[in-house]
Novice: 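Structure incoming, see below.
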Amino acid sequence: MHDHSFAWCAIHRQAELGPAYVICFECGHAFRTPEALVADHNALVARLNAADVDPPGGPYELIAAVSDPEEVTFCPHCSHDL
């Protein structure tokens, strides 16, 4: 848990008050709780799985949603490693 009083989220262009479970050091998004991190990650997974676009070389495989915040290794807003 980070005890920062505030972080600036470049993605949402707003100040995010702490404390936070984790803060992305690239974009500054503050995930207040482990559940918030998992929810944002799973929302990204749902959007990617719903995309009807196949890359060159074959189709995408579906991405599994997670329930453990330790499984989220990147920021779902900017893709930077957490």
Novice: Could you grab the distance from atom CD of E16 to atom NE2 of H29, nearest 0.5 Å is fine?
Specialist: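 Answer for the CD-NE2 pair, E16 versus H29, is 5.0 Å.
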Novice: Applying the side-chain contact (heavy atoms from CB on, under 4.5 Å) test to E26, which of S79, C78, C75 qualifies?
Specialist: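 The side-chain contact (heavy atoms from CB on, under 4.5 Å) with E26 is passed solely by C78 among S79, C78, C75.
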Novice: With side chain to side chain contact (heavy atoms under 4.5 Å, CB included) as the test, would you mind laying out the steps for H77 and D40 before giving the verdict?
Specialist: CA-CA 8 Å; H77 297 288; D40 285 4; 2.9 Å; yes
Novice: List the atom of C27, the atom of I11, and the distance in Å for their closest heavy-atom pair.
Specialist: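 Of all heavy-atom pairs spanning C27 and I11, the closest is CB-CG1, 3.6 Å.
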Novice: Heavy atoms only: give me the nearest F31-L37 pair and the separation to one decimal.
Specialist: CD2-CA, 3.7 Å
Novice: Would you indicate whether the side-chain heavy atoms of V72 and H41 approach each other to under 4.5 Å?
Specialist: yes
Novice: How many angstroms lie between CG in L62 and CG in N49, if you round to the nearest 0.5 Å?
Specialist: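 The CG atom of L62 sits 4.5 Å away from the CG atom of N49.
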Novice: Could you grab the distance from atom NE2 of H80 to atom CZ of F25, nearest 0.5 Å is fine?
Specialist: 9.0 Å
Novice: If you group Ile, Leu, Val, Met, Phe, Trp and Tyr by side-chain heavy-atom gaps below 4.5 Å, do I23 and F74 land in one group?
Specialist: no
Novice: Do you reckon Y21 sits in the same ILVMFWY cluster as V66, going by side-chain contacts under 4.5 Å, direct or chained?
Specialist: yes
